[in-house]
There are 2 protein chains.
Amino acid sequence: MTTTKRNYHQYCGLASGLDVIGERWTLLVVRELMMGPRHYGELLADLPGMGTNLLADRLKFLTEQDVVRRVDVKGTGSRLAYELTERGARLRPFVLGLARWGLDFVGEIHPDDTVRPHWGFLAVESMLRQEAVTDHEEQYEFRVDDEVFRIEVSGGQAKTARGPASEPATVAKVDSATFVQIGAKRLTPLTAMLTGRLTLDGEVEAVLRCCDLLGLDAGDYAAGR
Amino acid sequence: MTTTKRNYHQYCGLASGLDVIGERWTLLVVRELMMGPRHYGELLADLPGMGTNLLADRLKFLTEQDVVRRVDVKGTGSRLAYELTERGARLRPFVLGLARWGLDFVGEIHPDDTVRPHWGFLAVESMLRQEAVTDHEEQYEFRVDDEVFRIEVSGGQAKTARGPASEPATVAKVDSATFVQIGAKRLTPLTAMLTGRLTLDGEVEAVLRCCDLLGLDAGDYAAGR
DNA sequence: CTGCATCCGCCTCGATACTG
DNA sequence: CAGTATCGAGGCGGATGCAG
């Protein structure tokens with residue numbers, strides 16, 4: 001028990017930050033909590049390869065550091081859950097930045113790779129190019145496997161949200177593996193459509209604006225209209 | 001030798017990114033290279049506790065992944081150095097963001113903690129509040145131990161640079177440990193001055209603008225003028 | 001002397017089994 | 001369902017060796 005936790009012993013913000021969230025699996029736990037509270041079992045299920053003792057250790061430590069908190073999701077002690085604290089939520093910008101940066105390293109999909117539809121939500125948020133927002137006020141809906149989320153463009157700002165859009169200008173239906181491959185630019189939206197793995201509803205112009213907003217190559221699609 | 005490198009096997013940008021820069025020490029190596037090319041021995045000296053084999057492994061892997069490149073710093077093969085590639089340089093925004101986030105975890109300084117003056121350069125860059133830029137065009141110079149760097153405010157933009165300022169509106173002279181403590185808000189500029197660990201030259205108004213730009217509490221200092 | 005490679009003890013990690 | 005206990009494997013840390 002006197003085994004002291006390993007840290008860098010550097011008087012520096014980055015090193016101190018990495019002492020908290022730099023260990024293996026930790027930032028992936030944070031990612032899971034970035035879409036809302038989750039139960040222990042859900043975390044375990046979406047992080048295959050992570051030992052249950054490690055998850056318990058990480059959650060306990062993150063709780064001590066005020067990055068994560070235990071919460072009674074509804075009712076009296078029915079089932080506990082974990083959620084990000086305000087301090088944990090402040091990690092969002094650069095978790096998204098790192099997710100965007102890492103897209104370049106996403107290779108061909110391998111049989112024993114894990115894919116989860118809600119990761120697509122973060123992928124979209126990390127790909128959003130605020131500088132590409134137009135003055136069209138509209139919403140784009142995504143149905144990745146069984147997850148549904150949307151982009152809302154309003155008042156010169158684009159933001160993501162979970163759940164269906166009220167009046168979607170486009171609806172994209174796709175499986176999660178294909179979705180990530182498009183984000184990683186290993187597949188264009190056009191080829192995904194032609195191979196039947198992606199379905200796009202709505203008017204063409206809206207689809208083009210959506211692709212541009214995400215920095216995706218819509219050229220082929222545009223040429224085919 | 002056939003020991004395959006450990007990775008997350010998740011089809012996700014964040015996981016793929018962490019497979020590249022998520023291992024122990026890696027992001028600290030990147031930090032060291034963010035101030036320009038460095039030699040193997042310099043890296044080793046500024047990362048105490050890191051084994052020489054680990055540094056060699058990390059550098060080799062980062063080179064393979066096009067995050068880092070070997071350069072002939074001057075002349076024919078005299079001494080090699082490592083520097084960030086364009087891909088590695090794209091890590092800067094969220095390395096800085098994490099450095100800023102981690103400042104909250106910087107505790108009291110401990111005898112066997114390592115401190116390096118050039119980390120102050122990154123601390124300043126991470127603390128810069130672009131929204132606090134005024135229309136005063138001026139420069140602030142910092143002399144942290146033997147390192148000299150500056151902030152340049154010009155055209156509504158603030159940016160950091162190494163080396164002395166041509167016409168500093170303020171010169172701050174301080175040791176590196178004190179510098180980090182001020183950044184971590186464990187010490188106000190005023191108390192640091194009163195204990196003789198910080199010297200501030202230049203007109204008071206410029207000092208106040210500099211503090212505000214870095215989000216530091218200048219209230220005490222202002223009250224004492 | 002710098003830039004690594006090799007070797008070895010230890011501690012973290014990952015998988016399974018077990019308990020409230 | 002939510003963790004705790006246990007143990008083998010392997011990444012890490014420190015010392016040392018060696019080549020250019």
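So that the names make sense, note that chain A is the first sequence line, chain B the second, and so on, each numbered from 1. Excluded from the calculations below are hydrogen atoms, water molecules and symmetry mates; all remaining heavy atoms, backbone and side chain alike, are included.
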To the nearest Å, give me how far apart [atom1] ([X]) and [atom2] ([N]) are.
X	N	atom1	atom2	value
A:Leu55	C:dA15	CG	C1'	14 Å
B:Leu44	C:dT2	CG	C1'	11 Å
B:His39	C:dT2	NE2	P	10 Å
A:Met50	D:dG3	CE	C1'	13 Å
A:Asn7	D:dG13	CG	P	11 Å
A:Leu54	D:dT4	CG	P	13 Å
B:Glu23	C:dT12	CD	P	17 Å
B:Arg58	C:dA5	CZ	C1'	16 Å

May I ask you to verify if any side-chain N or O of [X] is less than 4.0 angstrom from the OP1 or OP2 atom of [N]?
X	N	result
B:Arg38	C:dG3	no
A:Arg6	D:dG13	yes
B:Arg70	C:dC4	yes
A:Trp25	C:dT12	no
A:Tyr82	D:dG3	yes

Counting heavy atoms from C-beta on, name the nucleotide in [options] closest to the side chain of [X].
X	options	answer
B:Ala56	D:dG3, C:dA5, C:dG14	C:dA5
A:Asn53	C:dG14, D:dC1, C:dC4	C:dG14
A:Arg24	D:dG3, C:dC4, C:dC13	C:dC13
A:Thr52	D:dC12, D:dG14, C:dA17	C:dA17
A:Tyr40	C:dC13, D:dC12, D:dT4	D:dT4

For this session: Could you tell me whether the side chain of A:Thr191 and the main chain of A:Leu187 form a donor-acceptor pair under 3.5 Å?
Result: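 Judged by distance alone, no pair lies under 3.5 Å.
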For this session: Verify, without hydrogens or angle tests, whether B:Tyr8 (side chain) and A:Trp25 (backbone) share a donor-acceptor contact under 3.5 angstrom.
Result: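 Checked: pair present.
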Problem set entry | Parallel, tilted or perpendicular: ring planes of B:His9 versus A:His110, cut at 30 and 60 degrees |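 Geometry flag for A:His110 against B:His9: tilted rings.
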Exercise. Should we say atom CD of A:Glu167 is surrounded by more than 12 heavy atoms from elsewhere, each under 6.0 Å from it?
Worked result: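 Atom CD in A:Glu167 is not packed in, count stays at 12 or less.
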Problem set entry | Over 12 foreign heavy atoms within 6.0 Å of NZ, A:Lys185 |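 Check passes, neighbour count above 12.
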